[in-house]
**Student:** 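Please find one structure pasted underneath; my questions will follow.
We're numbering straight along the sequence, starting at 1. As a basis for the values below, the full set of heavy atoms in this structure was taken, side chains included, without hydrogen atoms, waters or symmetry mates.
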Amino acid sequence: MKKEKNLTIKTSHVKSKLNVFEKRQGVLGYMFLLPWLAGFFIFAVWPFLYTIFLSFHDVKLTIEGWQTLFTGLDNYNLAFFRNTEFVPALLSFITMELTYAPVITVIAFILALLLNQNIKFRAGFRALFFLPVIVMSGPVMFQLMDSGGMTFTGIEYMVLYQMVEMYSLPLARALVFLFENYSMVLWFTGIPIILFISGLQKIDSSMLEAARIDSATSWQILWKIVIPIIRPIALVSIILTIVQLGTYSINPVLPMVQDAIYTTTTGLGLASAFAWIYTIAALALMGIAFGLLKNKKEDTEKEWNKAKRKRNA
């Protein structure tokens, strides 16, 4: 009995020491994060909230400084009903995101599968595909966007375009837009490729070997093992792509927000309304991506139960 009591006392003493150590480590972690958190709240959260405030006001620069007058939903009414350019630009942005983001993610995944193979000059090919990310913020990127990339003047005569046009004219126009800017698609695949390669390398090789021993084909391994495991990375990749596409001049809403800032009649109020509507649209697209690509608990439990049944059998 004494030995058991001594053992319980020792274990409780060790646990208390571990708890104290974990608390100290947590405090140190928050201390390291504190500068970043301060900068995030000062330069990101506060301007974001202040933009919402400005979108409901008429903002003017006077001799006494900036003056705000509450106008309610007038800026939003002007954006949706009285401005003839904003709604088409917003719809164009949504169409661009729905066209580009899935295509970029799929192409990045395919390229990651190829670059993850044991081939010669693999490191060189990876560097080649990641090279556009290095110069993305430079003048080369803006020159490509201003020139419109490569143009396909004869795409309207392609059989694929004619087949798609028979079912949906907007989808056919999106296809033309995609082909005319295919260089931009490859340009934005750099970071998603790195994310996918990192995820593919973390897949347990014994799981793939077991599937091959069970006579599973490469196609079955891809759909039943690789894609379910890589799905969270695909979610991160598509959200990253949505954000990246929205921050470049290829986004038709962005120039309107920038021009509205310097308009004397509407100014920062209308520009804030533009920015807030655009933000809601981008967040809605991210929500759709999250709903489609999130790991569902029910699906994972079904797969786990199936695996258990196979083992017991």
Side-chain angles (χ1 to χ4, degrees), residues 30 33-101 104 136-139 141-142 145-146 177 184 188 191 235-291:
Y30 282 113
L33 280 174
L34 190 60
W36 181 87
L37 289 173
F40 176 73
F41 280 102
I42 294 171
F43 298 108
V45 175
W46 168 246
F48 180 75
L49 297 176
Y50 192 61
T51 303
I52 301 174
F53 170 78
L54 292 178
S55 66
F56 296 101
H57 290 76
D58 182 17
V59 186
K60 291 183 179 180
L61 180 61
T62 62
I63 301 173
E64 299 176 356
W66 292 100
Q67 290 186 353
T68 57
L69 177 64
F70 181 76
T71 57
L73 297 174
D74 285 352
N75 289 322
Y76 292 94
N77 185 23
L78 176 60
F80 280 112
F81 302 108
R82 287 184 283 168
N83 191 303
T84 58
E85 298 178 358
F86 179 72
V87 174
L90 184 64
L91 294 176
S92 179
F93 162 74
I94 295 172
T95 304
M96 179 196 72
E97 291 282 8
L98 293 175
T99 305
Y100 267 116
I104 289 171
M136 182 174 285
S137 59
M141 183 71 177
F142 293 102
M145 288 189 294
D146 291 338
F177 184 75
M184 299 299 304
F188 284 99
I191 295 177
L235 175 61
V236 174
S237 173
I238 200 166
I239 289 176
L240 176 67
T241 304
I242 291 171
V243 174
Q244 277 189 316
L245 289 172
T247 56
Y248 286 93
S249 60
I250 192 174
N251 176 12
V253 179
L254 189 60
M256 293 192 65
V257 176
Q258 294 172 346
D259 293 339
I261 294 174
Y262 303 103
T263 305
T264 56
T265 55
T266 54
L268 291 175
L270 182 62
S272 300
F274 283 167
W276 184 231
I277 295 168
Y278 154 72
T279 303
I280 292 176
L283 290 175
L285 292 172
M286 294 178 194
I288 293 171
F290 181 78

**Student:** Would you mind reporting whether Leu37 and Leu33 have side-chain heavy atoms less than 4.5 Å apart?
**Tutor:**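 Heavy-atom side-chain distance check passes, below 4.5 Å.
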**Student:** Return the minimal non-hydrogen interatomic distance between Ala289 and Ile238, and the atom names on each side.
**Tutor:**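 Between these two residues, the closest heavy atoms are CB-CG2, 3.6 Å.
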**Student:** Using atom types as modelled and distance alone, determine if a side-chain donor or acceptor of Thr279 lies under 3.5 Å from a backbone N or O of Ala275.
**Tutor:**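 Yes, Thr279 side chain to Ala275 backbone: donor-acceptor pair under 3.5 Å.
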**Student:** Once you round to the nearest 0.5 Å, how far does OG1 of Thr95 lie from CG of Leu90?
**Tutor:**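 Reported value, rounded in 0.5 Å steps: 9.5 Å.
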**Student:** Tell me, yes or no, whether the heavy-atom count around Glu85 atom CD, taken from other residues, nucleotides or ligands under 6.0 Å, exceeds 12.
**Tutor:**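 No.
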**Student:** Side-chain contact test, heavy atoms from C-beta onward, threshold under 4.5 Å: evaluate it for Trp46 versus Phe41 and give yes or no.
**Tutor:**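 Answer no - side chains too far apart.
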**Student:** Can you tell me how far apart CD1 (Ile261) and CG (Leu268) are? Round to the nearest 0.5 Å.
**Tutor:**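 Here the interatomic distance stands at 6.5 Å.
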**Student:** Check Ala89 against Pro252 and note the closest heavy-atom contact, atom names and distance.
**Tutor:**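 Taking every non-hydrogen atom into account, O-CG, 3.4 Å.
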**Student:** Sub-3.5 Å donor-acceptor pair from the side chain of Tyr100 to the main-chain atoms of Thr241, do we have one?
**Tutor:**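 No; judged by distance alone, with no hydrogens or angles, the pair does not exist.
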**Student:** Which atom names give the shortest non-hydrogen contact between Ser272 and Thr51, and what distance separates them?
**Tutor:**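 Of all heavy-atom pairs spanning Ser272 and Thr51, the closest is CB-O, 3.4 Å.
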**Student:** Counting only heavy atoms from other residues, nucleotides and ligands, does the tally under 6.0 Å from CZ of Phe70 exceed 12?
**Tutor:**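 Atom CZ in Phe70 is packed in, count exceeds 12.
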**Student:** Ignoring hydrogens, what is the shortest heavy-atom contact between Ile242 and Ala101? Give both atom names and the distance.
**Tutor:**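 The pair with the smallest heavy-atom distance is CG1-CB, 4.1 Å.
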**Student:** Hey, what's the ring geometry for Phe86 with Phe274, parallel, tilted or perpendicular (30° and 60° as the breaks)?
**Tutor:**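 Judged by the thresholds at 30° and 60°, the geometry between Phe86 and Phe274 is parallel.
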**Student:** Between atom CG of Leu235 and atom CZ of Phe290, what is the distance when rounded to the nearest 0.5 Å?
**Tutor:**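 Separation between the atoms: 6.5 Å.
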**Student:** Are side-chain heavy atoms of Tyr50 and Leu54 found at a separation under 4.5 Å?
**Tutor:**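 Tyr50 vs Leu54: side chains touch.
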**Student:** Any side-chain heavy-atom pair from Gln244 and Ile104 closer than 4.5 angstrom?
**Tutor:**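 No, every pair of side-chain atoms sits at 4.5 Å or beyond.
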**Student:** To the nearest 0.5 angstrom, please state how far the CZ atom of Phe56 sits from the CG atom of Leu73.
**Tutor:**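 Answer for the CZ-CG pair, Phe56 versus Leu73, is 6.0 Å.
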**Student:** State yes or no: are the ring centers of Phe81 and Tyr76 separated by less than 6.0 Å?
**Tutor:**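 Ring centroids of Phe81 and Tyr76 are no less than 6.0 Å from each other.
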**Student:** Are any of the side-chain heavy atoms of Phe53 and Leu49 separated by less than 4.5 Å?
**Tutor:**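 In short, these two side chains do not touch, never coming nearer than 4.5 Å.
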**Student:** When rounded to the nearest 0.5 angstrom, what is the spacing between CE in Met256 and CG in Leu270?
**Tutor:**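 Going from the CE atom of Met256 to the CG atom of Leu270 covers 8.0 Å.
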**Student:** Closest approach of Ile277 and Phe80, non-hydrogen atoms and distance?
**Tutor:**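 Looking at all heavy atoms of both residues, the closest pair is CD1-CE1, 3.4 Å.
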**Student:** Which distance, rounded to the nearest 0.5 Å, do you find between the CG of Asn251 and the CD of Glu97?
**Tutor:**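 Nearest 0.5 Å value for the CG-CD distance: 7.0 Å.
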**Student:** With a 3.5 Å distance limit and no angle check, can you tell me whether Asn75 reaches the backbone of Ser55 through a side-chain donor-acceptor pair?
**Tutor:**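 Yes, because the side chain of Asn75 sits within donor-acceptor range (under 3.5 Å) of the backbone of Ser55.
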